[in-house]
Amino acid sequence: GVVGTGRNIRFKEYYESIGVPYYNVDVCDPESFKVLDQYQFDAAVVFATMMPSNVPKTSDDDDTPEYYKVNVLGTLNVLEYCRKHGVNKIISFGTRFDCRLYDSKTVITEETPLNYSFTDDHAAFVMSNNAKWDVMRYYNEKYGMSNVYFRIPTIFGVGPHGGFHKDGVYRKSGLQIFIDKASKGEPIEVYGDPETQKDLLYVKDLNLGIKNALEKPESRGFYNIGYDVNFKLPDIVKAIVEVFSPSNAVSTITQRLDIPNNGGFPIMDMSKLKRDIGFEPAYSDIVDIMQDYKYELDRGLYTKLFNVQ
C-alpha cells in the first residue's frame, strides 16, 4: 500500500477519496513524523524540496540557509526516521544544473565532475542538492541503506509548471507560451539556433523510474534519469502545434535566427540506470508526450489538484 504525506489540503481530500491515507508531515519538523509510526514501510519517496523556480523574492537577502534547511536537514530528518524504523531505502532527487556549464554536446555520466555556476539563481539549490546526495550516500555506507538519488532534467507534466521564478521574478515558461499560442492558432516565433536541444522528462516516466527502483530492493546510489537524446527546440514546437492547434487555425512557426535563446543542456547518459534498474521510458517521443499531456490537461484532475488552469 501507499501512504501520502504533505501539506496540501487538496491532495489530502483527493487521496483519501481513493482510499489512500494522507497526513500533514513537514520534513523540517521531525515531531510531525510520529503520525507515521502506525505503519511499517519498505521505502520512502521524498519529493519535498526548495527550488528557485518556486521561490519568489522581494528582497536581496540571501536565502541559502533555507535551501540547506529543507534540502539537507529535511532529508537527514527523513533518513534518521527511516533508519530508526527499519526502512532501508529513500528515493530523492537532484538537479542537472550541477553540470550546467558543460556545452550541449557533452555527455554527462554519474562520474562526470560537477561544473556549475556559483553566481546564478540556482547556486544554493545545486549546492544543497549536492549535500543531500552526500548525506544519502553517508547513510548507505555507514548504515547499509539502499538510498537512490536521481539527477533529473526539466520535469514536464500537468501541474504548476507553466511558469517559474527567475531571480525571484515570476515568468511564464517557454513551453507554456508555445502551448498558449498554439491553442489559439497564433503565430509562433522560435528564437536562436534551430539545433538547440532541450532536456525534459515527462512526469510519468519519472514515476516509472521510481517504480523500477522500488521494485529492485538492491538498487542504490546516484543515477541520471531522462531520455537517450535531448529534443531539438523546433521539434518541440512542431509537436505542440500538431497537438494543440485547432485544425482550422494551425499556428505558423517562424525561426528567428537573429534573436538568441537560452541555449541547450548537456545530454545525460542513461546506461547505468538501464543496467541497474531496467528503466525503459514509455514516452520518449515528443509528440506522444504532448498528446498525453493534453489528455491529462483535458481530464482536469491535476489542474484541480494543483489549482492551475
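With side-chain heavy atoms closer than 4.5 Å counting as contact, directly or through intermediates, the hydrophobic cluster containing Tyr191 also holds Ile259.
Note that Arg100 lies outside the cation-pi zone of Tyr116, set by a 6.0 Å cut-off to the ring centre and a 45° limit from the axis.
Among all heavy-atom pairs drawn from Asp26 and Phe33, the shortest one is O-CE1, 3.3 Å. Closest of all the heavy-atom pairs between Ile286 and Asp235 is CG2-O, 4.1 Å. Here the closest heavy-atom approach between residue Val135 and residue Leu79 is recorded as O-CD1, 3.7 Å. For the pair Asp121 and Pro52, the tightest heavy-atom approach, listed with the atom from each and the gap, is O-CB, 3.5 Å. Scanning all heavy atoms of the two residues, the minimum distance from Ala282 to Leu208 falls at N-CD2, 4.2 Å. The minimum heavy-atom distance linking Pro234 with Pro194 is given by the pair CD-O, 3.1 Å.
Between Asp228 and Lys274, at least one side-chain N (NZ, or NE/NH1/NH2) sits under 4.0 Å from a carboxylate O, which counts as a salt bridge. Note on Arg10 versus Glu13: no salt bridge recorded, every NZ/NE/NH1/NH2 to OD/OE distance being 4.0 Å or above. Using a cut-off of 4.0 Å between Lys/Arg side-chain N and Asp/Glu carboxylate O, Glu242 and Lys238 are scored as not salt-bridged. With respect to the salt-bridge test (charged N to carboxylate O, under 4.0 angstrom), the residues Asp103 and Lys105 do not qualify.
Cys28 is not listed as a side-chain neighbour of Leu73, based on a closest heavy-atom distance of 4.5 Å or more. Gln197 has its side chain out of reach of Leu233: every pair of non-hydrogen atoms, C-beta onward, lies at least 4.5 Å apart. At least one side-chain heavy atom of Lys89 sits less than 4.5 Å from a side-chain heavy atom of Ser219. Side chains of Ile267 and Asp199 form no contact here, defined as non-hydrogen atoms less than 4.5 Å apart. Under the 4.5 Å side-chain criterion, counting only non-hydrogen atoms from C-beta, Ile188 is not in contact with Thr252. Inter-residue side-chain proximity for Leu305 and Asn8 is flagged as unmet; no heavy-atom pair is nearer than 4.5 Å. In this structure, Val20 and Ser17 have side chains that are not in contact, with every pair of non-hydrogen atoms separated by 4.5 Å or more. With a 4.5 Å cut-off on side-chain heavy atoms, Val27 and Asn77 do not count as touching.
With rounding to the nearest 0.5 Å, the separation of CG in Leu200 from CD1 in Ile155 is 8.5 Å. Here CG of Asp98 is found 8.5 Å from CD1 of Ile108. Values are rounded to the nearest 0.5 Å. Distance CG/Asp180 to OG/Ser251: 10.5 Å, rounded to 0.5 Å. We find the NZ-CD1 distance between Lys181 and Ile253 to be 12.5 Å, quoted to the nearest 0.5 Å. Atoms CD1 and CD1, on Ile225 and Ile210 in that order, are 7.0 Å from each other to the nearest 0.5 Å. Note: Arg7 CZ to Asn24 CG = 7.5 Å, rounded to the nearest 0.5 Å.
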Which is it for Leu297 and Tyr302 under the side chain to side chain contact (heavy atoms under 4.5 Å, CB included) test, yes or no, and what are the steps along the way?
CA-CA 7 Å; Leu297 196 65; Tyr302 297 108; over 6 Å; no
After noting the C-alpha distance and the side-chain angles of Asp63 and Met50, does the key distance pass the side chain to side chain contact (heavy atoms under 4.5 Å, CB included) rule?
CA-CA 10 Å; Asp63 54 2; Met50 180 174 176; 4.0 Å; yes
Starting from the C-alpha separation in whole Å, work towards a yes-or-no answer on side-chain hydrogen bond (donor to acceptor under 3.5 Å, both in side chains) for Thr196 and Asn261.
CA-CA 8 Å; Thr196 299; Asn261 58 38; 3.0 Å; yes
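In terms of modelled atom types and a separation under 3.5 Å, the side chain of Asn147 and the main chain of Met136 share a donor-acceptor contact. For Lys132 (side chain) and Phe93 (main-chain N/O), a donor-acceptor pair under 3.5 Å exists by modelled atom type. Side-chain atoms of Asn230 come within 3.5 Å of backbone N or O of Pro266 as a donor-acceptor pair. Side-chain atoms of Ser128 never come within 3.5 Å of backbone atoms of Asn71 as a donor-acceptor pair (strictly under, hydrogens ignored). A donor-acceptor pair under 3.5 Å is absent between the side-chain atoms of Glu16 and the main chain of Pro21, judged by distance alone. Asp285 places a side-chain N or O within donor-acceptor distance of the main-chain N or O of Asp288, the cut-off being under 3.5 Å. In this structure a side-chain-to-backbone donor-acceptor pair under 3.5 Å is missing from Lys204 to Gly157. In terms of modelled atom types and a separation under 3.5 Å, the side chain of Arg220 and the main chain of Met145 share a donor-acceptor contact. One N or O on the side chain of Ser183 and one on the backbone of Ile179 form a donor-acceptor pair closer than 3.5 Å. A donor-acceptor pair under 3.5 Å is absent between the side-chain atoms of Ser92 and the main chain of Tyr149, judged by distance alone.
Aromatic ring pairs are classed by plane angle as parallel below 30°, tilted from 30° to 60° and perpendicular above 60°; the pair Tyr81 and His85 is parallel. Note: Phe97 and His122 have parallel aromatic rings, judged against thresholds of 30 and 60 degrees for the angle between ring planes. Ring geometry for Tyr293 versus Phe156: interplanar angle under 30°, hence parallel rather than tilted (30 to 60°).
A chain of hydrophobic side-chain contacts below 4.5 Å, direct or via other Ile, Leu, Val, Met, Phe, Trp or Tyr residues, connects Trp133 to Tyr143. A single hydrophobic cluster is seen to contain both Tyr138 and Val87, as judged by linkage of ILVMFWY side chains at heavy-atom distances under 4.5 Å, directly or through other members. Note on Tyr67: it does not cluster hydrophobically with Met127, by side-chain heavy-atom contacts below 4.5 Å among ILVMFWY residues. By the rule that hydrophobic residues join a cluster once side-chain heavy atoms approach within less than 4.5 Å of another member, Phe265 and Phe150 end up as members of separate clusters. There is no path of hydrophobic side-chain contacts, each under 4.5 Å, that joins Leu206 to Val46.
Within a 6.0 Å radius of CD in Gln38, other residues, nucleotides and ligands contribute more than 12 heavy atoms. For CG of Asn262, the number of neighbouring non-hydrogen atoms (other residues, nucleotides, ligands) closer than 6.0 Å is 12 at most. More than 12 heavy atoms of other shown residues, nucleotides or ligands fall within 6.0 angstrom of atom CZ in Phe231. The neighbour count for Asp298 CG, taken as heavy atoms of other residues, nucleotides or ligands under 6.0 Å away, is above 12. For CD of Gln40, the number of neighbouring non-hydrogen atoms (other residues, nucleotides, ligands) closer than 6.0 Å is 12 at most.
Counted by atom type alone, Asn129 and Thr95 present zero donor-acceptor pairs between their side chains at under 3.5 Å. A side-chain donor from one of Tyr227 and Asp205 sits under 3.5 Å from a side-chain acceptor of the other.
Taking the ring centroids of Phe306 and Phe11, they lie under the 6.0 Å cut-off.
Checked against side-chain hydrogen bond (donor to acceptor under 3.5 Å, both in side chains), Lys184 has no partners two or more places apart in sequence or in another chain. Tyr39 is linked by a side-chain hydrogen bond (donor to acceptor under 3.5 Å, both in side chains) to Tyr23, counting only residues two or more places apart in sequence or in another chain.
Each of Arg151, Lys272, Arg96 was checked for a side chain to side chain donor-acceptor pair (under 3.5 Å) with Asn224, and the lone residue meeting it is Arg151.
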